[in-house]
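Start at 1 with the first residue, then count along the sequence. In this text the structure is predicted, and so the values were computed from the model without any measurement.
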Amino acid sequence: MGFFAGRVTCLRFKVNGPAPRQFDDEHLARLSDHQAGRQRIASADGVETGWTAGEHILDTDFGFEKNIINDTLNFELRVDTEKLPGDLLRAYIAVELKALSKDNPSGFASARQKREAKEIARQRLEQEAKDGRYRKRKCVPVLWDRQTNEVLFGATSLTQVDRLTSLFEQTFGHELECVTAGRRAYQLAELHSLTRSVDDAAPSAFVPNASPDIAWIADDSSRDFIGNEFLLWLWYYTDIESDTLKLLDGSEVTLMLARTLNLECPRGQTGHETITHEGPTRLPEARRAIQSGKLPRKVGLTLVRNSDQYELTLHAETLGVGGAKLPPPDEGADARGKLDDRANQLRELTQTLDLLYDAFGQKRFSGAWQAELEGMQKWLKRGERNAA
């Protein structure tokens, strides 16, 4: 069910409100009050949203055993979209038009008959749609973790975010804030009194004549370009320094960039490249791409921390996680114990990513960044392993 089986894909959201003391009947009742199919929240485009309990697309039976696991509340956002098939509408119009114009002396339909045919055809299709035959339903898992007071949303695209945040606020009375790269950098910088440096941050010039603007960042104040710099720094660090990094909590993480790499020109001029390979950053075409000024937008990572291994794809600007493979549960645990273990593994994954991002942030927003940046510039200029 949702985050408790298979690979994990998610965006992270901060709940702007106090964390619940515990999840209880009240939370389940609120989900039930806004369940899919009961109190539909329709947008202007006719899309309807509601919550489901997670076992299947029609499941609205919320309960403790199923939806409250190890200080998490688990449910799903169902999005119902009504889309009338255009080919069938055109066919109905043709049938109606033929019937209306069959006795016309000219052999052609009049403008009035064309309008009438379209209206009859649409009414016919809308009548058929009342039984739901043209409705598409999609569920996206949602997990609210009481310990971190964060919500995980099972997507990496921002397409459904507005629907999630709107329905969540109507249900629980709290706003959600998507924790993108810039926002997470600011939150972590607060721990080190470096928030002013985040406010003042501008895109780094890794190559000569680098653009001060990044095409895919619509709002410069978001500081989401920090995520692109983070992925490039991981590439640099593992290529020059080590594949093991000391973290703030005293633990170590071993990392490898693997499987996939997506690069794009920040000026929007030379397009983007997607490289799939066991070690994509070792390929010459990947090296040439960053030497030309392209920045990573998505990269595959293998992380090992506290003897647990995670495989995932990390998206730069949103820090969204794609297709994460978590360590297997304890084989000796019962079914409930395996669910509890899975919740802990989700927390460990997000904590590991935060600690890794924080290790970058401590360099990026301190006086050490200028020396680090110069090392990266030399590394890119020479294009040779261990050149800096």
Exercise. Take Leu353 and Leu312, measure what side-chain contact (heavy atoms from CB on, under 4.5 Å) needs, and give me the verdict at the end.
Key: CA-CA 11 Å; Leu353 291 173; Leu312 63 135; 4.2 Å; yes

So, for [X] and [Y], which heavy atoms are closest and what is the spacing to 0.1 Å?
| X | Y | answer |
| --- | --- | --- |
| Val198 | Ala185 | CG2-O, 4.1 Å |
| Lys294 | Pro266 | CA-CD, 4.1 Å |
| Asn104 | Ala109 | ND2-CA, 3.8 Å |
| Leu257 | Pro280 | O-CD, 4.0 Å |
| Gln291 | Leu380 | NE2-O, 2.9 Å |
| Ala316 | Asn228 | CB-ND2, 3.3 Å |

Would one find more than 12 heavy atoms of other residues, nucleotides or ligands at under 6.0 Å from atom [atom1] of [X]?
| X | atom1 | value |
| --- | --- | --- |
| His272 | NE2 | no |
| Lys118 | NZ | no |
| Asn209 | CG | no |
| Arg133 | CZ | yes |
| Arg122 | CZ | no |

Do we see a donor-acceptor contact under 3.5 Å between the side chains of [X] and [Y]?
| X | Y | value |
| --- | --- | --- |
| Arg78 | Thr52 | no |
| Ser166 | Gln170 | yes |
| Thr313 | Arg259 | no |
| Asn67 | His27 | no |
| Ser221 | Asp219 | yes |
| Ser197 | Trp369 | no |
| Gln351 | Asp249 | no |
| Glu372 | Tyr236 | no |
| Trp144 | Asn149 | yes |
| Glu119 | Gln123 | yes |
| Asp243 | Thr238 | no |
| Arg184 | Gln187 | yes |

Quiz prompt | Any donor-acceptor N/O pair, Gln113 side chain to Leu100 backbone, under 3.5 Å | solution = yes

Quiz item: Taking Arg297 as the fixed residue, which of Glu229, Glu273, Glu264 is the one that meets the salt bridge (charged side-chain N to carboxylate O under 4.0 Å, His left out) rule?
Solution: Glu264

Quiz item: In a check of salt bridge (charged side-chain N to carboxylate O under 4.0 Å, His left out) between Arg183 and each of Glu177, Glu317, Glu190, which one passes?
Solution: Glu177

Exercise. Could you walk me through whether Phe13 and Cys178 pass the side-chain contact (heavy atoms from CB on, under 4.5 Å) test, one step at a time?
Key: CA-CA 4 Å; Phe13 293 81; Cys178 189; 3.5 Å; yes

Atom [atom1] of [X] and atom [atom2] of [Y]: how far apart are they, to the nearest 0.5 Å?
| X | Y | atom1 | atom2 | value |
| --- | --- | --- | --- | --- |
| Asp25 | Phe64 | CG | CZ | 4.0 Å |
| Arg267 | Ser292 | CZ | OG | 7.5 Å |
| Thr72 | Leu143 | OG1 | CG | 4.5 Å |
| Thr302 | Glu311 | OG1 | CD | 4.5 Å |

Same cluster for [X] and [Y] if Ile/Leu/Val/Met/Phe/Trp/Tyr side chains link at under 4.5 Å?
| X | Y | answer |
| --- | --- | --- |
| Leu234 | Leu373 | yes |
| Val140 | Val161 | yes |
| Trp235 | Met256 | no |
| Val47 | Leu58 | no |
| Leu164 | Leu11 | yes |

Quiz item: Which ILVMFWY residues can you reach from Leu125 by hopping between side chains whose heavy atoms are under 4.5 Å apart?
Solution: Leu84, Leu88, Leu89, Tyr92, Ile93, Tyr134

For the pair [X] and [Y], name the ring-plane relationship: parallel under 30°, tilted 30 to 60°, perpendicular over 60°.
| X | Y | result |
| --- | --- | --- |
| Phe230 | Tyr357 | perpendicular |
| Trp233 | Phe360 | tilted |
| Phe75 | Phe172 | tilted |

Quiz prompt | Among Leu356, Thr254, Leu245, the one residue meeting side chain to side chain contact (heavy atoms under 4.5 Å, CB included) with Leu303 | solution = Leu356

Practice problem: Test Tyr310 against Gln345 for side chain to side chain donor-acceptor pair (under 3.5 Å), laying out the working first. | Solution: CA-CA 10 Å; Tyr310 306 89; Gln345 291 291 357; 2.9 Å; yes

Practice problem: Could you please spell out the steps behind the side-chain contact (heavy atoms from CB on, under 4.5 Å) verdict for Val321 and Leu152? | Solution: CA-CA 10 Å; Val321 172; Leu152 304 185; over 6 Å; no

Practice problem: Given side-chain contact (heavy atoms from CB on, under 4.5 Å), test Thr318 with Thr156 step by step and report yes or no. | Solution: CA-CA 8 Å; Thr318 62; Thr156 56; 5.7 Å; no

Quiz item: Who are the side chain to side chain contact (heavy atoms under 4.5 Å, CB included) partners of Ala368, not counting sequence neighbours?
Solution: Ser366

